[in-house]
Amino acid sequence: MSNKIQAIRGMNDLLPADSTLWSSLDETISNLLISYGYKYCRTPIVESTETFSRAIGEVTDIVEKEMYTWEDNNGNSLTLRPEGTASVVRMMIEHNLPREGIQKVFYNGPMFRHERPQKGRYRQFHQVGAEVFGASDAKIDAELISITDSLWKSLGITARLEINSLGSKESRFAYRNILTAFFNENISQLDEDSLRRLKSNPLRILDSKNKDLELLISNAPKMIDHLDDESKEHFTILKTYLDNLDIPYEVNPKLVRGLDYYNQTVFEWISNDLGAQGTICGGGRYDGLVEKMGGSPTPAIGFAMGLERIALLIQDKKSQIVNKRCQLYFVVLGDKAQIESMKLSKKILQVLPNITLSNDLSMGSLKSQMKKADKSNADFALILGEEELSNNQLSIKPLKGQGVQQSIELEGIIQHLQEIL
Ligand code: ATP
Ligand code: MG
């Protein structure tokens, strides 16, 4: 009987074979955000439960059903973060950062939601998110969308952009009454979740994933038709930026996003190549959240993208994004040569840190080591045997048809490698 220990369902290992893809994905996204002036930040994976329930809203899928929450030994309620924005807002307030001027930050890390695992939906997944505090102009909304657009282009991903406006707090309040009246007129068609939300937050009914409600929702009054003048103008300016940046978009009046804190601009990028889990990035403005979390009123906006879904999209294009290091395999024969090869490897890697030099550890015959060199997909084999050593030489054998094997003086090896790599 097997008593193997297994990982928790929906929480996946990153296997060594996929790590190059993931690290180059991380690097591509970080470099892009840094080039736009965003600074990396890191918050703890665990926060007090209130950080999320207050920010995300009690009546949301996340807070109602998806959080990993427990009580610690002191009786405090703690939660594994289900998303990044709430923690970043907590950090901003705790360290008074918005007082120092506009803050542009990004994060990258694991998030936890107790959902039904399926392709593109996991219980531990990874997000990169960017957030801007202290800027209210639609220019920054456009910058965030433009950054994501550039990212899809550089990764070779095709995604479509949907945008909507949720208006200001005041206009949303007026709309909420209109929407409540509409759903009350059609109350017999609502499911259990929606009935509850009708009382607590009717806008969230628009975000329902229940197919039976689709028709009713599409006939419901739309926020976009009830915006006040200021919200209309903000949305128009955003669209003007997008037009000028040649970023196509579709206005989707049903887009409300699954968290309570949004106002004005909301957007999602959706890929058609992922089935039901097509949203690869979602974001929006949350001007009221800093105040709601106990800070001074501060306009803010951000997005988060799901890295697993993006990785699924670029898997087939691995070679395009993987930034390839030159690989060498050190074939070594004889005890004296073993010691010499370790000394030499150290010297070589000090001067050429961007190559990968694998030292043979099998201690097999020349033939078997050469086979391993080939199998490792190395570009060159360095060969050091008793004979080479007694001549103070090393052989370099190209493994991918780049010429013939050569013998090089040990002293000149680094210079030679610098020339050919
Ligand atoms: P969905 O509608 O797919 O549940 P969401 O609205 O809950 O998404 P957000 O909270 O906006 O998602 O998170 C931003 C992004 O993070 C999503 O667009 C998606 O790419 C990714 N994401 C969210 N939940 C998961 C999950 N359980 N597994 C993998 N990726 C996820
Ligand atoms: Mg969700």
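Indexing begins at 1, ligand by ligand and atom by atom, following the structure's order.
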Student: At under 4.0 Å between heavy atoms, which part of E308 makes contact with ligand 1: side chain, backbone, both or neither?
Tutor: neither

Student: With a cut-off of 4.0 Å, which atoms of ligand 1 are near a heavy atom of C281?
Tutor: 18 (O)

Student: Run the numbers for me: atoms of ligand 1, each under 4.0 Å from some heavy atom of A304, listed by number.
Tutor: 14 (C), 15 (C)

Student: Within the 4.0 Å heavy-atom shell around T279, which atoms of ligand 1 are there?
Tutor: 17 (C), 18 (O), 19 (C), 20 (O)

Student: Can we say D360 and K375 salt-bridge, meaning some charged N sits less than 4.0 Å from an Asp/Glu carboxylate O?
Tutor: no

Student: Output the distance between atom CG (L216) and atom CZ (F183), rounded to the nearest 0.5 Å.
Tutor: 5.5 Å

Student: Considering only NZ, NE, NH1 and NH2 on the basic side and carboxylate oxygens on the acidic side, decide whether D149 and K153 come within less than 4.0 Å.
Tutor: yes

Student: If you measure from the Lys or Arg side-chain nitrogens to the Asp or Glu carboxylate oxygens, is any gap between K65 and D193 under 4.0 Å?
Tutor: yes

Student: Do NZ/NE/NH1/NH2 and the carboxylate oxygens of E64 and R204 come within less than 4.0 Å?
Tutor: no

Student: Is I280 touching ligand 1 with its side chain, its backbone, both, or neither, if touching means heavy atoms under 4.0 Å apart?
Tutor: backbone

Student: Between Y38 and E143, does any side-chain donor sit less than 3.5 Å from a side-chain acceptor?
Tutor: yes

Student: Who's closest to atom 13 (O) of ligand 1 heavy-atom-wise, of Q127, E268, E83, Q277?
Tutor: Q127

Student: Specify side chain, backbone, both or neither for R257, according to which of its non-hydrogen atoms lie closer than 4.0 Å to ligand 1.
Tutor: side chain

Student: For atom 27 (N) of ligand 1, state which one of K209, Q124, R116, E115 supplies the nearest heavy atom.
Tutor: E115

